[in-house]
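Heads up, the thing below is written out as structure tokens.
Because the structure is a prediction, the values reported are computed rather than measured. Side chains are part of it too, since the values below use all heavy atoms of this structure and drop only hydrogens, waters and symmetry mates.
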Amino acid sequence: MDRKWKWVLHFRMMLLILLSQMTSGLEVPLDPKVLEGLPQPPTITLQSPKDYIFDPRENIVIHCEAKGKPHPSFSWTRNGTHFDVEKDSKVLMKPGSGTLVIDISGEKAEAFEGTYQCTAHNEHGTAVSNNIVIRQSRSPLWPKEQNEDITVQIGVPLVLQCRPPAGLPPPVIFWMDNNFQRLPLDKRVSQALNGDLYFSNILPEDTRSDYICYARFPHTQTIQQKQPISVSVLNNNPEGERRPGFMMPLGPTSTKLVLRGETLVLECIAEGLPTPDISWQKDGGELPTSRTSFQNFNKRLKISDVNEADAGNYRCTATNNMGTAHHIIKVTVKAAPFWVSAPRNLILAPNETGILTCRVSGEPKPKISWFVNGVPIGNAPEDHSRKVEDDTVILSNVQSGSSAVYQCNASNEFGYLMANAFVNVLAEPPRVLSPPNQVYQVITNNPALLHCSSFGSPIPTITWFKDSQTSIKNGDPFVIHENGTLEIHVAQPLNSGKYTCIATNNLGIKENHVYLEVKEPTRILKQPEYKVVQRGMSAVFECKVKHDPSLIPIMTWLKDNGELPDDERFEVDTDSLTIKDVTDGDEGTYTCIMNTTLDQDSASAMLTVVEATPTPAIVYEKPDPPSDLELTDQTERSVQLTWIPGDDHNSPTHKFLIQYEDLLHQPGVWINLTEVAGTSTTAQLNLSPYVYYSFRVLAENEVGYSRPSQPSRQYRTNPAAPDENPSDVQGAGTDPDNLVISWTALTGFQSNGPGLEYKVQWRQKDVEEDWSSMNVVNASQFVVNGTPTFVPYEIKVQALNDYGNGPEPKVVTGYSGEDLPLSPPDSMQVMVHNSTLAEVHWQPVSASSVRGKLQGYKVYYRRDRGLQDSEHEKELQEQVLTFSGNRSEGRLPGLQPYSLYSLFIRVLNNKGEGPPSPVKTFETPEGVPGPPSFLNVLNPGSGSLSLEWGPPMNNNGRLAGYTLKYQPVNNTSELGPVKVMNFLSNETSFTLGNLNSSMLYKFYLSAKTIKGSGPTITEEAFTVLDTAYAQPTVKPGKGPTEPPHPTSPITQSTPPQFRKVLPVLPVFGTVNTSVSEDGAVISWEYFGHHKNVYVEYIVENSKEDWIKEMVNSSHSHMIKGLKPGTSYRVRVVARDPVDSTVHSTDEVLVSVPAVPSRQVDIATQGWFIGLMCAIALLILVLLIVCFIKRNKGGKYPVKEKEEAHQDPEIQPMKEDDGTFGEYSDTEDHKPLKGSRTPSNGTVRRDESDDSLVDYGEGGDGQFNEDGSFIGQYSGKKEKDTHEGNESSEAPSPVNAMNSFV
């Protein structure tokens, strides 16, 4: 009996081995042309996850997709009973699919909760999906509670309990204050996994009344808030230092259960004073470094991808200077079922035998249950050909019509696995899938692969014939692979010919013909040789090649591995390269490359250029190349290379450079591998898998490198799994619903083997879900569609090839695509600080509405109109300021006073701007007005002047009136007392009477509002005209534009122009002339900076050149030697040596009177001598009176008025006496000291310490610093380096008269 049972067991083992061999060959074909007519049972291709939590605000979509031939039909069960989809109007099944779309609007979502299972059926079998548990996400309200205020002593520990409501899925907990700012966590204050807030010891700064726990529910994106907790810290009985103790977990030990593959999270929080440090260790073992991380200031230990070896005792230790405390957590690792080998689809021919295996593991050991077409195999119709043995189903002598889908279910208390595998019983004659009459071409001594992929049931047998006669057997030099491919290891010309592959089974035979052509290799018979050529001579490199006559060769020449210079001196012939008139720049390495469609060959030679007449001396040359390269001690990853050094040509060899060529991945490219000392002749070379190596050696001495040696024989390393993964893995979305995963692909050298692919894995971060994966080929990016907007994803990219997977890849974090922000900020408020500055506040938007990375807020604002109806309206461009980051306020500078503004705000992320907020309007208060638009002096009389002015361009408020100040200027440029007059806003003209005749007056006019006076404009005018004044308008770079003519005695300073660029002022002002017996006196006003000033004159109507006399920095000049009775054209010109611009006055006409033939010498007349003496005496008396008056120190009444009012607009008199301050004629167009006229032509805003840093990074407007023209009327004008010793006397009627005396 024992012998009989031994025989039975031995027979079963042999049968299993035989069956496994019988069923391992036939795979389901991928060719769609084959699948098109192939009957196939259903296969589930897409299904929803086992645990599906839905949002009650959205439709429920339960996926179920399947394929099969014919296309399957679908049905559903709910809670184990049939679910009639057609009877429920709220449920829709997509056409041609089993996917359910459940409309829960207007319905109670709870009614659709339950366990769903999809069934796909056709005439060949039934496939079923996993049990999909549908549950509604829940975010319950926080239970009402009244938190009592907590009062603790300083130094004691404290726990603030959160106790959030139980949600589905569980909420994310965080603590914040009333301002929605996260509470800072550190080594002393930490948040536990359950959400409670732990204080290892209390400090005074922990006193606050707004400890608020928040719970965020991920699915519904809602946040619930606990009532604030108030904590008061007392210092009347402080706690002293103490050793650590554990606040959580309690007691000396605790337990933790974790499932295999999940992440183990252990937490220890300790109290003590000072704050203890936490450390971790595993008793009797080491923590897995690559999978271990520490969080929450070392209070939390995380071990990812847990396995059985991670079980054990984990010790957390709390330490401070008072002592140490320990807590042991006993970790138990269990395992939900996981696949060892899932069942695979089978295609069997009638009467064949096959095996389905369902290998799983788990802790505790899973229970395996078999189903057929969704029915437990025990309840299915009896089938004598089927035998179930635990995890194996044996199908013997299957018959047509017995196709079915088998389900394997493995379960334990922690979960289950289920897989469908169909058994398709087919009777199919052979088909050859490879294209017919394909021509394969290879080079002699290279491998040749002739393909013959086929399909049939039973599996066809492949046989090969050459030239339709000779049967090819499996053996050297031929190998027939399992997939039907014929390989010839080393192809020779005699292997060329016609090959026939025949696929045969019991239902038929099919043949296919292919052709092999073995070509001769391309070889360079005569290589280019090393050349030493004298400068100016010619160099010729020969390169004669032999190649297969049926291949078209292409010859290419390179210089130093680059293209030949584009120079006619380089001539390329069919087998040579000629370089004419050689220069030093032609030195280098020249390479000829012969390419065909199948192979190539190359050879190089160096060109050295020397002097035409080299001196006879010791010649130091580059060494000769090494020779006789040999490979020994060959292993998978290393080989030893030996060589014989060449002649060193009087210069010892320093080192040898070893290079390799990868003939498989980069043929023709030589790469530096290693260097060895010049005394060595061997090198141990480390190699990489799947490379066709060829080596060469170069020697180097003081002169340079030798030519490369001849390549070694080829050495091929075997393929292996990749040693590295792609680098620079990144994840960033381009659209709101996608995630683009990109990486830097491996090179062919790095692939280590054929069939390089990339396994791309991703899953949403901080969400408990499995990794999704996809294998991609020949790509460096993969797009995941259907992602939520801007959520973090964990990403891994792993390299794999036909020989295995690369190392475990690192996890990087990326984000799915952003979308435009959903909502604008609200609760906008505007605070107006002054007439030109406002501050806007808003409520920051929630992070969920940003839908991306918050870049900031953009504030759009514009001036709608002025608040005064009569004010001239301007179309002002909308301005924009960007405030980066999570800001809630910003400042708006440069506003216009007394105006109505409107603004709105948009949220900005990387995708763009969100919708605008509601428009908010605000008003700016009044400010000081701008300067009057003009000031003109009209109708001068001997004692009166009429003034006319225009209102300001910008009132900046309600105009209250005008202030006019004026004062006389005497002939010595001294200023008289200032008189002030005020006018109403509707008055724009006035006539001043009781003025001194023949007197120059200076006027200052400003407008004012309730905020004060604005900038002043000035004007000057004489009450009478004693001599002709030329007041030319001078343009830079141009001469006079019109002949001189008398003008009124009015000079007008240029009114400020309200623009950002300074106005260009004239260089010259008024020009005066007078004639005496000695010559003509020319005087002028000059405001320029030029050093070279000339007086030029010419006889009227003459075509001769202008006569030029340099006057330097003087303001007057006498032209001598003029002809009596002649008229001259005169002008004043300023030139700058560094600038080509020429400034000139208008021409003035000077007539020299004729001298009468009889002249009386007036100097000899007695009456003239007496008159001169009387005048001299009178002048002496006047000087004495002035001296006495000055010493008395009297004051003008206007001086007292100035001291009383301290008006900055009024220039103070001299403090020593009551005389006029000196008036400088070179500053007629400058404002008085104390006045403020903006240098950029704009009105100065109210003083503000605000910086543009407060206003954000940008905007459409730019704001400049305010400046002012600095000019003054002073008591005595001091001479400076620019003025020299010039006269500052202003022209006046008195001066003009004196010039004729």
Side-chain angles (χ1 to χ4, degrees), residues 179-180 736 789 818-927 953-958 1011 1242-1243 1245-1246 1248 1250-1263:
N179 296 322
F180 301 102
T789 302
E818 300 187 25
D819 204 348
L820 294 177
L822 280 175
S823 58
D826 52 15
S827 301
M828 283 196 305
Q829 295 181 351
V830 179
M831 299 171 57
V832 179
H833 291 292
N834 54 48
S835 60
T836 61
L837 176 66
E839 185 173 326
V840 58
H841 293 255
W842 61 86
Q843 180 70 37
V845 297
S846 63
S848 60
S849 71
V850 176
R851 300 204 294 181
K853 184 176 181 180
L854 178 64
Q855 296 298 313
Y857 296 85
K858 295 187 75 171
V859 178
Y860 292 77
Y861 65 99
R862 67 177 295 158
R863 180 177 182 267
D864 294 333
R865 62 179 176 84
L867 295 178
Q868 192 167 4
D869 296 334
S870 62
E871 184 174 351
H872 178 67
E873 296 295 332
K874 295 181 180 179
E875 290 295 331
L876 295 181
Q877 186 177 1
E878 187 174 61
Q879 295 178 280
V880 183
L881 284 177
T882 302
F883 301 93
S884 62
N886 192 16
R887 295 277 296 271
S888 62
E889 80 286 330
R891 292 189 171 188
L892 310 179
L895 304 178
Q896 189 165 333
Y898 206 52
S899 300
L900 176 65
Y901 278 85
S902 60
L903 66 82
F904 60 87
I905 306 176
R906 295 176 184 265
V907 183
L908 180 66
N909 63 15
N910 288 325
K911 190 73 174 179
E913 300 178 17
S917 67
V919 176
K920 182 78 173 181
T921 61
F922 65 93
E923 298 176 356
T924 55
E926 295 188 50
M953 297 297 294
N954 292 311
N955 289 348
N956 294 339
R958 289 164 292 188
K1011 289 293 184 177
T1242 61
V1243 180
R1245 307 294 185 185
D1246 290 350
S1248 175
D1250 300 321
S1251 168
L1252 288 179
V1253 176
D1254 297 328
Y1255 304 134
E1257 289 77 44
D1260 294 339
Q1262 298 292 328
F1263 303 96

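- Contact of the V840 side chain with the Y861 side chain is not registered, since no non-hydrogen atoms from C-beta on lie closer than 4.5 Å.
- Sorted by first and then second residue, the pairs that involve residues 841-853 and meet salt bridge (charged side-chain N to carboxylate O under 4.0 Å, His left out), not counting sequence neighbours, are D819-R851.
- Counted within 6.0 Å of NZ on K911, heavy atoms from surrounding residues, nucleotides or ligands total more than 12; the atom is thus considered enclosed.
- Inter-residue side-chain proximity for K920 and W842 is flagged as unmet; no heavy-atom pair is nearer than 4.5 Å.
- Rounding to the nearest 0.5 Å gives a distance of 10.0 Å between CZ of R906 and CG of L820.
- Taking every heavy atom of both residues into account, L895 and A838 meet most closely at CD1-CB, 3.6 Å.
- Within the structure, every pair that satisfies the salt bridge (charged side-chain N to carboxylate O under 4.0 Å, His left out) test and touches residues 833-850, not counting sequence neighbours, is listed here: E839-R891.
- Nearest heavy-atom pair across P825 and I905 is CG-CG2, 3.6 Å.
- Between F883 and Y857, a ring centre-to-centre spacing not shorter than 6.0 Å is recorded.
- A 4.5 Å side-chain heavy-atom check between L892 and F922 finds at least one atom pair inside the cut-off.
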Going through the checks in order, is the side-chain contact (heavy atoms from CB on, under 4.5 Å) test met by S902 and R862? CA-CA 6 Å; S902 60; R862 67 177 295 158; 3.8 Å; yes

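- R887 CZ to H841 NE2: the interatomic distance, rounded to the nearest 0.5 Å, is 10.0 Å.
- A distance of 9.5 Å separates CZ of F904 from CE of M828, quoted to the nearest 0.5 Å.
- Of all heavy-atom pairs between T789 and P736, the closest is OG1-O, 3.2 Å.
- For the residue pair P821 and G912, the shortest heavy atom distance occurs at CD-O, 3.8 Å.
- Between the N954 side chain and the N956 main chain, no donor and acceptor come within less than 3.5 Å of each other.
- Taking 4.5 Å as the limit, every side-chain heavy atom of P824 sits out of range of all side-chain heavy atoms of P916.
- Although no hydrogens or angles enter the test, the distance criterion places no donor-acceptor pair under 3.5 Å between the side chain of S899 and the main chain of T924.
- Here D864 contributes atom CG and E923 contributes atom CD; the two are 10.5 Å apart, rounded to the nearest 0.5 Å.
- Pairing each heavy atom of L854 with each of G885, the nearest pair is CD2-O, 4.0 Å.
- R865 contributes atom CZ, which lies 6.0 Å from atom CG of L867 (distance to the nearest 0.5 angstrom).
- Interatomic distance, OH of Y860 versus CD of E913, reported as 3.0 Å (0.5 Å rounding).
- Contact record, P897 with G927: CB-N, 3.6 Å, taken as the closest heavy-atom pair.
- In terms of modelled atom types and a separation under 3.5 Å, the side chain of Q843 and the main chain of S827 share no donor-acceptor contact.
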